[in-house]
Amino acid sequence: MIPFLDLKKINEPYETAFQEKLKTVLHNGWYILGKEVEMFERKFAEYCQSKYCIGVGNGLDALILIFKGYIELGKLQKGDEVIVPANTYIASILSILQADLVPVLVEPKLETFNINPDLIEEKITSKTKAILAVHLYGQLSEMDKINKIAGKYNLIVVEDAAQSHGAENNIKSKIDPEASGLKSAVAFSFYPGKNLGCLGDGGAITTNDAELAKVLFSLRNYGSEQKYHNEYIGINSRLDELQAGFLNLKLPNLNADNEKRRKIAKRYLSEIKNDKIKLPFWDFSNNHVFHLFVIRTENRNDLQNYLVQNNIQTLIHYPIPPHKQKAFFSETFGWNNLSFPVTEKIHNEVLSLPMSPVLTESEVDFIIEILNQY
Ligand SMILES: *Cc1c(COP(=O)(O)O)cnc(C)c1O
């Protein structure tokens with residue numbers, strides 16, 4: 001069976017280095033917010049060409065903390081509306097709700113799976129204060145257009161980059177808060193299956209906003225910068241020292257891993273030839289890091305079963321759109337009556353093919369051959 005994602009194979013090359021790192025951390029005798037976290041924050045900020053990086057417990061917390069940070073700074077208020085794509089992973093929407101803000105769903109483009117910037121302005125009201133752009137499947141949203149709208153309406157821009165570590169324009173973080181007056185921050189997850197993954201939960205926030213960074217360093221640690229002095233009502237969401245140690249070993253290979261993913265994507269795009277399969281859009285720029293390679297097909301169950309019979313494992317990202325989730329059935333939401341045809345079509349038709357830096361040439365050959373015979 002070709003597995004959808006072979007995490008063991010991804011981490012095996014690091015085994016000796018991981019063991020050495022465990023020894024180092026063990027012998028340091030300092031297990032929370034120590035040298036490894038500090039080093040990772042410095043290296044990841046540098047990698048993202050951002051002024052600040054704040055290591056946190058996971059990707060969801062990274063998003064929640066950004067919103068809570070802007071609330072502490074008085075830039076957001078409880079009840080403010082946040083524009084978010086309707087077809088994202090649930091975490092994006094939960095983060096808005098956990099910060100007592102109101103998500104306003106906007107349809108994506110069928111071609112890119114990312115928020116349709118042309119549909120944002122019609123959803124803006126006097127309560128709209130932020131846009132949460134999600135770079136789904138590893139492809140950057142149309143940030144030039146989104147930033148322009150944010151500038152026009154003075155909105156905060158938050159990016160959910162949990163699936164897009166290393167995508168080019170994430171790195172060249174385009175917003176300079178001093179020059180543009182715009183507020184922005186980016187959230188990352190290091191969940192094991194992400195393009196940069198640790199051996200448990202982990203996350204980070206990058207930003208050029210000094211004021212926000214200062215609040216976030218405190219908020220993630222009980223609202224305290226100086227031990228037992230609490231300035232904010234914070235939470236406990238710190239990047240684990242040992243996980244930071246593992247990430248320090250993996251970060252130097254992230255660009256090469258992303259390049260391997262793009263190489264596989266190039267082959268899938270040029271060699272899969274089947275009318276029943278719609279291939280994803282890609283402009284061949286480095287603004288896509290192919291966290292997932294997602295095709296569309298009208299008879300998804302049939303194709304997925306056929307692939308299983310041929311020893312190819314696929315997954316669906318995601319089978320149920322957020323507005324159709326049971327969590328939002330209540331009267332306060334009433335989301336289940338909402339209609340998002342593009343989002344619903346995507347959730348009915350998408351299928352993720354095996355994609356990872358350890359997928360071999362012959363496995364890719366085989367997957368293409370089997371798909372072309374379907
Ligand atoms: C994985 C993911 C998250 C959440 O990250 P966790 O570390 O699992 O909390 C948020 N948004 C998107 C788009 C994700 O894929």
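All values derive from a computational prediction rather than experimental measurement. Ligands are counted one by one from 1 in listed order, and the atoms in each one are counted from 1 as well.
Residue-ligand proximity: H135 is placed with every non-hydrogen atom at 4.0 Å or more from ligand 1.
K214 and E225 are joined by a salt bridge, as a carboxylate oxygen and a charged side-chain nitrogen come within less than 4.0 angstrom of each other. Comment: K127 does not engage D80 in a salt bridge, judged by the lack of any side-chain N to carboxylate O separation of less than 4.0 angstrom. Salt-bridge annotation for E38 and K35: absent, with no side-chain N of the basic residue lying under 4.0 Å from a carboxylate O of the acidic one. For E142 and K145, the salt-bridge test passes: some basic side-chain N is under 4.0 Å from an acidic carboxylate O.
Residue K194 has at least one N or O atom closer than 3.5 Å to an N or O atom of ligand 1. Geometrically, ligand 1 and D160 share a nitrogen or oxygen pair separated by less than 3.5 Å.
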Q. Would R267 and E361 satisfy salt bridge (charged side-chain N to carboxylate O under 4.0 Å, His left out), going step by step from the backbone distance to the final call?
A. CA-CA 10 Å; R267 288 205 55 198; E361 195 95 9; 3.7 Å; yes
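Considering each of P192, A91, A62, the one bringing a non-hydrogen atom nearest atom 10 (C) of ligand 1 is A91. Here the shortest heavy-atom distance to atom 8 (O) of ligand 1, taken over G57, G200, S189, P85, belongs to S189.
For ligand 1, the atoms lying closer than 4.0 Å to a non-hydrogen atom of L60 are 4 (C), 5 (O), 6 (P), 9 (O). Listed by number with element, the atoms of ligand 1 under 4.0 Å from a non-hydrogen atom of G59 are 5 (O), 6 (P), 7 (O), 9 (O). Interface atoms of ligand 1 facing Q163, defined by a heavy-atom separation under 4.0 Å, are 13 (C), 14 (C), 15 (O).
The hydrophobic clustering, which links ILVMFWY residues whose side-chain heavy atoms are closer than 4.5 Å, places L216 and L73 together.
The parts of N58 lying near ligand 1 are both backbone and side chain, judged by heavy-atom distances below 4.0 Å.
The side-chain tip of K276 points at the ring of Y374 from less than 6.0 angstrom away and within 45° of straight on.
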